[in-house]
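Everything on this sheet refers to the single structure shown next.
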There are 2 protein chains.
Amino acid sequence: MPEHIDTQLKKGVLTLCVLTLLNRRDGYAYDIAADLSKAIGMGEGTIYPLMRRMQTDGLVETYLVESAAGPSRKYYRLTAAGRRALEAQTAEWRTFADAVEAVLAEPAAATAETKGELTQ
Amino acid sequence: MPEHIDTQLKKGVLTLCVLTLLNRRDGYAYDIAADLSKAIGMGEGTIYPLMRRMQTDGLVETYLVESAAGPSRKYYRLTAAGRRALEAQTAEWRTFADAVEAVLAEPAAATAETKGELTQ
DNA sequence: CAAGCTACCTTGCCACGCAAGCTACCTTGT
DNA sequence: ACAAGGTAGCTTGCGTGGCAAGGTAGCTTG
């Protein structure tokens, strides 16, 4: 019994969230994970593969910064492609969310186009 | 290159959409698929495993209806558990969508709580 | 020197949408 | 009579990607 529909929902939206955060200011994985953990319940084990993917896709680039207390941090910065991806995915999210809302809100038998006959 | 973030987004929301449609009126898989294909781009190959899962989970029950033209249709009807799931998942979706919107809308450096120091 | 935090990363698992393909029913055209 | 095409059901193989759990290493504090 899956039950966790939001586990599935997260997929596809996490990248968007990370892009959004990085667009505001550079950040490092551990920090981003903590942030999104509060916001939408992302687990820490999720962020590292994600960041790697984003780097592979050329959406972010990295630089190391020594930390006062703890190991040095790998900061991520958006690239131009990253900024483009952010725009694209934001639009996609909006479209998608609107489509879902439309399905949920549809006031019963509104889309009736081809379905003139009710066999019952 | 994945690119299709909405493929991922769909996961978790499709069940909700199907529950919503069935709550309005009983339907059969082929029809629901066509509906949601227009709405959020669901593929036909997706609906059958989904319906089976929902039946296994006791969210729907089925009955056969002869069709005027074509093979007989397996109609799905929501069970009480299905109606409960609908409510629960609607709430989950709302929560999730709001959380995402919050991340997207966050007006830069608002969540600053523990992050007093900028090492740069 | 052992805890314990920060921060990095990996592995194995599992869920689930999708494309493609298959079967079978029924109508329509030639 | 038989091929074509739409309706309706279903399956298989694949890929994506989050998650839990585990592992390393730097640094601080008792």
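Please read all numbers here as calculations on a predicted model, not as lab measurements.
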Check your understanding: Are OP1 or OP2 of C:dG17 and a side-chain N or O of B:Arg53 less than 4.0 angstrom apart?
Key -> yes
Check your understanding: Quick one: is D:dA8 close enough that its OP1 or OP2 comes under 4.0 Å of any side-chain N or O from B:Tyr28?
Key -> yes
Separation of [X] atom [atom1] from [N] atom [atom2], in whole Å?
{"X": "B:Lys74", "N": "C:dC25", "atom1": "NZ", "atom2": "C1'", "result": "15 Å"}
{"X": "B:Tyr30", "N": "C:dA24", "atom1": "OH", "atom2": "P", "result": "18 Å"}
{"X": "B:Met51", "N": "D:dG9", "atom1": "CE", "atom2": "P", "result": "10 Å"}
{"X": "A:Leu50", "N": "D:dT16", "atom1": "CG", "atom2": "C1'", "result": "12 Å"}
{"X": "B:Asp31", "N": "D:dT7", "atom1": "CG", "atom2": "P", "result": "11 Å"}
{"X": "A:Ile32", "N": "C:dA7", "atom1": "CD1", "atom2": "P", "result": "12 Å"}
{"X": "A:Ile47", "N": "C:dC9", "atom1": "CD1", "atom2": "C1'", "result": "13 Å"}
{"X": "A:Tyr48", "N": "C:dT11", "atom1": "OH", "atom2": "P", "result": "16 Å"}

Practice item. May I ask you to say whether B:Glu101 pairs ionically with B:Arg94, meaning some side-chain N is under 4.0 Å from a carboxylate O? Key: no
Sub-3.5 Å donor-acceptor pair from the side chain of [X] to the main-chain atoms of [Y], do we have one?
{"X": "A:Thr79", "Y": "A:Leu59", "result": "yes"}
{"X": "B:Thr56", "Y": "B:Arg52", "result": "yes"}
{"X": "A:Thr46", "Y": "A:Met42", "result": "no"}

Practice item. Take B:Arg52 and A:Pro71, find for each the nucleotide of DNA chain D with the closest heavy atom, and name the residue whose nucleotide sits nearer the 5' end. Key: B:Arg52
Review point. Are A:Met51 and A:Leu64 connected in the hydrophobic side-chain network, where two residues link if heavy atoms are under 4.5 Å apart?
Key: no
Point to revise | Parallel, tilted or perpendicular: rings of B:Tyr63 and B:Tyr75 (30°, 60°) | key: parallel
Practice item. Output the single nucleotide from C:dA7, D:dG9, C:dC9 whose closest atom is nearest the side chain of A:Arg73. Key: C:dA7
Check your understanding: What string of B, S and - do you get for nucleotides 18-23 of chain C, 5' to 3', if B is base contact, S is sugar-phosphate-only contact and - is no contact with any protein heavy atom under 4.0 Å?
Key -> BBB---
Nearest heavy-atom pair of [X] and [Y]: which atoms, and what distance?
{"X": "A:Cys17", "Y": "A:Ile40", "value": "SG-CD1, 3.9 Å"}
{"X": "A:Leu22", "Y": "A:Gly27", "value": "CD2-N, 3.5 Å"}
{"X": "A:Val103", "Y": "B:Arg24", "value": "O-NH2, 2.6 Å"}

**Study point:** Axial bend angle, the helix from C:dC1-D:dG30 to C:dT30-D:dA1: five-pair end segments, nearest 10°
**Key:** 10°
